[in-house]
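For the single chain, residues carry numbers from 1 onward in sequence order. None of the values given here were measured: they were computed from a predicted structure.
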Amino acid sequence: MTQILAVPPLYSPFPPAIHPRHAEIDRQTAEWADKFGIGTDELRGRLVAQEIGAFASRVLPEGQEDAVRILADFILWLFGVDDGHCEEGPAGTDPRELVAVLSRLVRIAQNPEVPMMTDDPLAGALRDLRRRISLLASPAQVARWVDALREYFMSVVWEASHRSLGTVPDLNDYTLMRLYDGATSVFLPVLEFAHGYDLRPDERDSVRVRALAEMAFFVITWDNDIVSFHKESRGDGYYLNVLKVLGSEYGLSPSEALPVAIAQRDRVLVLFLRERARLLASAGPELRQYLRSLGAFIRAAQDWGVTSVRYTTPGDPAELPERFRDTPTDWDREPLPIPAIAWWWEIPPP
């Protein structure tokens with residue numbers, strides 16, 4: 001019998017919150033998935049049961065409802081791509097085929113009027129998402145959304161190359177690509193236009209703000225790996241997960257790798273809080289909202305991760321925590337020994 005990995009309560013310094021229309025948003029996202037025929041009937045049935053609308057509503061608890069609906073539909077679309085094409089579809093083990101499909105989807109996101117993939121449900125849904133995003137977002141925000149989608153697609157092709165060979169990347173490469181293959185960066189333009197602002201480029205692209213966004217991505221994806229390990233390890237296919245990577249890197253079992261991964265995410269989260277507090281002290285209203293949204297994004301992923309049937313897997317229950325802890329397991333101010341992110345600890349004070 002496969003061992004059940006008991007996940008302890010994770011450190012979470014952010015308060016929970018959810019959009020008041022979350023139930024209606026979740027229902028509308030299910031209708032949207034049916035309208036465009038996302039994935040097979042079986043895959044779509046699984047996705048609409050995972051309360052993805054509630055996830056989006058936690059990310060944007062005070063966002064414009066139209067923007068929350070866009071985010072909910074977009075998250076479901078991303079899972080349709082990830083589950084349907086990248087993990088469970090034949091292209092998931094053939095990087096050459098996958099890069100061809102994803103390149104066409106990027107072109108549609110750039111120019112939805114192009115006559116390509118006209119009978120493909122994912123392409124049709126992407127055209128709808130792009131049209132609706134253009135109604136709320138500035139041209140610059142649309143361009144950043146497309147660029148982030150391209151980054152995500154590049155990273156899942158990298159993942160497919162490991163899946164095709166059955167190899168495990170080293171910790172540094174995995175950390176670098178995990179900043180993108182969690183699709184977290186694609187959320188950033190939505191965090192802005194959902195609250196009706198366009199952050200100044202000199203603020204958004206400053207070293208400190210960019211580092212804070214990456215720290216949020218790290219915590220979100222490490223948390224996702226921790227809560228999804230049970231689900232992924234039960235599947236028939238190849239999977240990449242930080243517990244698997246740490247096991248390969250240091251010769252650890254999953255139960256031994258778990259506290260290491262938790263300590264890593266805690267150390268980054270402590271750094272995130274410290275650097276965010278420095279910025280909040282002098283930030284204008286738009287940057288303050290952006291920084292608050294990063295915290296809400298982290299907490300949203302935590303709350304959804306430990307409650308959604310996507311990861312609790314009721315038929316084979318995962319042992320996930322029912323609460324969060326108030327203190328981290330690692331307060332260390334030294335950089336993690338991961339070159340791709342060690343620079344976060346070296347940013348000079350503002």
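Relative to the six-membered ring of Y174, K244 misses at least one condition, a distance below 6.0 Å or an angle of at most 45° to the axis. For the pair R150 and Y180, the cation does not sit on the ring face, since its NZ or CZ is not both under 6.0 Å from the ring centre and inside 45° of the axis.
Taken to the nearest 0.5 Å, the CG atom of L10 stands 5.5 Å off from the CG atom of D223. With rounding to the nearest 0.5 Å, the separation of NE2 in H195 from OH in Y290 is 13.0 Å. How far CG of L122 is from CZ of R127: 11.5 Å, rounded to the nearest 0.5 Å. Taking CD of E286 as the reference point, atom CZ of R200 lies at 8.0 Å (rounded to 0.5 Å).
Residues E159 and M177 have side chains not in contact (no heavy-atom distance under 4.5 Å, counting atoms from C-beta outward). The shortest distance between side-chain heavy atoms of E256 and S253 falls below 4.5 Å. At least one side-chain heavy atom of H230 sits less than 4.5 Å from a side-chain heavy atom of D316. Annotation: side chain of V48 is in contact with side chain of R44 (closest heavy-atom distance under 4.5 Å). For the pair L269 and I298, the minimum side-chain heavy-atom distance is below 4.5 Å. Counting heavy atoms from C-beta on, the side chains of N241 and S228 come closer than 4.5 Å. Residues V219 and F272 fail the side-chain proximity criterion, which asks for heavy atoms closer than 4.5 Å. At a threshold of 4.5 Å between non-hydrogen side-chain atoms, the residues R204 and D198 count as touching.
Salt bridge status for R178 with D225: present, with a side-chain N to carboxylate O gap under 4.0 Å. Salt bridge status for R144 with E192: present, with a side-chain N to carboxylate O gap under 4.0 Å. Under the 4.0 Å criterion applied to side-chain N and carboxylate O atoms, K35 and E31 are not assigned as salt-bridge partners. A salt bridge is absent between D266 and R325: the closest approach of a Lys/Arg side-chain nitrogen to an acidic carboxylate oxygen does not fall below 4.0 angstrom. Ionic pairing of R69 and D73 is not present here: no N-O contact between side-chain nitrogen and carboxylate oxygen is shorter than 4.0 angstrom.
The shortest non-hydrogen separation linking L176 to A340 is CB-CB, 4.1 Å. Across R267 and D332, no two heavy atoms sit closer than the pair CG-O, 3.1 Å. Between L98 and A160, the shortest heavy-atom distance links the atoms CD2-CB, 3.7 Å. For the pair A123 and I108, the tightest heavy-atom approach, listed with the atom from each and the gap, is CB-CD1, 3.7 Å.
Under a cut-off of 6.0 angstrom, the local environment of CD in E322 is sparse, with at most 12 non-hydrogen atoms contributed by other residues, nucleotides or ligands. Annotation: R274, atom CZ; neighbour count of heavy atoms from other residues, nucleotides and ligands within 6.0 Å is above 12.
For D66, there are no salt bridge (charged side-chain N to carboxylate O under 4.0 Å, His left out) partners, not counting sequence neighbours. Taking Y311 as the reference, N224 meet the side-chain hydrogen bond (donor to acceptor under 3.5 Å, both in side chains) condition, with sequence neighbours excluded. With sequence neighbours left out, the salt bridge (charged side-chain N to carboxylate O under 4.0 Å, His left out) criterion links D205 to no other residue. Under the salt bridge (charged side-chain N to carboxylate O under 4.0 Å, His left out) criterion, D119 pairs with no residue at all, not counting sequence neighbours. Considering only residues two or more places apart in sequence or on other chains, R58 meets the salt bridge (charged side-chain N to carboxylate O under 4.0 Å, His left out) condition with D303.
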(Q) What verdict does the side chain to side chain donor-acceptor pair (under 3.5 Å) test give for R130 and S134, after you've listed the backbone C-alpha separation in whole Å, the side-chain angles of each residue and the deciding distance to 0.1 Å? (A) CA-CA 6 Å; R130 166 59 197 277; S134 297; 3.0 Å; yes
Q. Please walk me through it: do F324 and Y11 pass ring-ring contact (aromatic ring centres under 6.0 Å, His included)?
A. CA-CA 6 Å; F324 297 97; Y11 172 48; over 10 Å; no
Q: With side chain to side chain donor-acceptor pair (under 3.5 Å) as the test, would you mind laying out the steps for Q289 and S293 before giving the verdict?
A: CA-CA 6 Å; Q289 177 59 60; S293 293; 3.1 Å; yes
(Q) Does K231 form a side-chain contact (heavy atoms from CB on, under 4.5 Å) with R310? I'd like the steps, not just the answer. (A) CA-CA 8 Å; K231 166 184 174 288; R310 181 174 180 86; 4.2 Å; yes
(Q) Is there a ring-ring contact (aromatic ring centres under 6.0 Å, His included) between F193 and W145? Walk through the geometry before answering. (A) CA-CA 11 Å; F193 70 69; W145 176 73; 8.9 Å; no
Could you list the donor-acceptor pairs under 3.5 angstrom formed between side-chain atoms of residues 12-25 and any protein atom two or more places apart in sequence or on another chain?
from: S12; atom 1: OG; to: R299; atom 2: NH1; distance (Å): 3.4
from: S12; atom 1: OG; to: Q302; atom 2: OE1; distance (Å): 2.6
from: H19; atom 1: ND1; to: R21; atom 2: N; distance (Å): 3.0
from: H19; atom 1: NE2; to: G63; atom 2: O; distance (Å): 3.2
from: R21; atom 1: NE; to: E65; atom 2: OE1; distance (Å): 3.2
from: R21; atom 1: NE; to: E65; atom 2: OE2; distance (Å): 3.3
from: R21; atom 1: NH2; to: E65; atom 2: OE2; distance (Å): 3.2
from: E24; atom 1: OE1; to: R27; atom 2: NE; distance (Å): 3.2
from: E24; atom 1: OE1; to: R27; atom 2: NH2; distance (Å): 3.4
from: E24; atom 1: OE2; to: R27; atom 2: NH2; distance (Å): 2.2
from: E24; atom 1: OE2; to: Q28; atom 2: NE2; distance (Å): 3.2

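Between the side chains of Q264 and W222, a donor-acceptor pair is found at a separation under 3.5 Å.
Between F218 and W344, the two ring planes are perpendicular [angle over 60°; tilted spans 30° to 60°]. Ring-plane geometry between W32 and F36 is classed as tilted, the angle between the planes lying from 30 to 60 degrees on a 0 to 90 degree scale. Taking the six-membered ring where the residue is Trp, F229 and Y239 present perpendicular rings, their angle passing 60° and hence far from 30°.
Linking ILVMFWY residues whenever their side-chain heavy atoms come closer than 4.5 Å, directly or via other members, places L280 and V207 in the same cluster.
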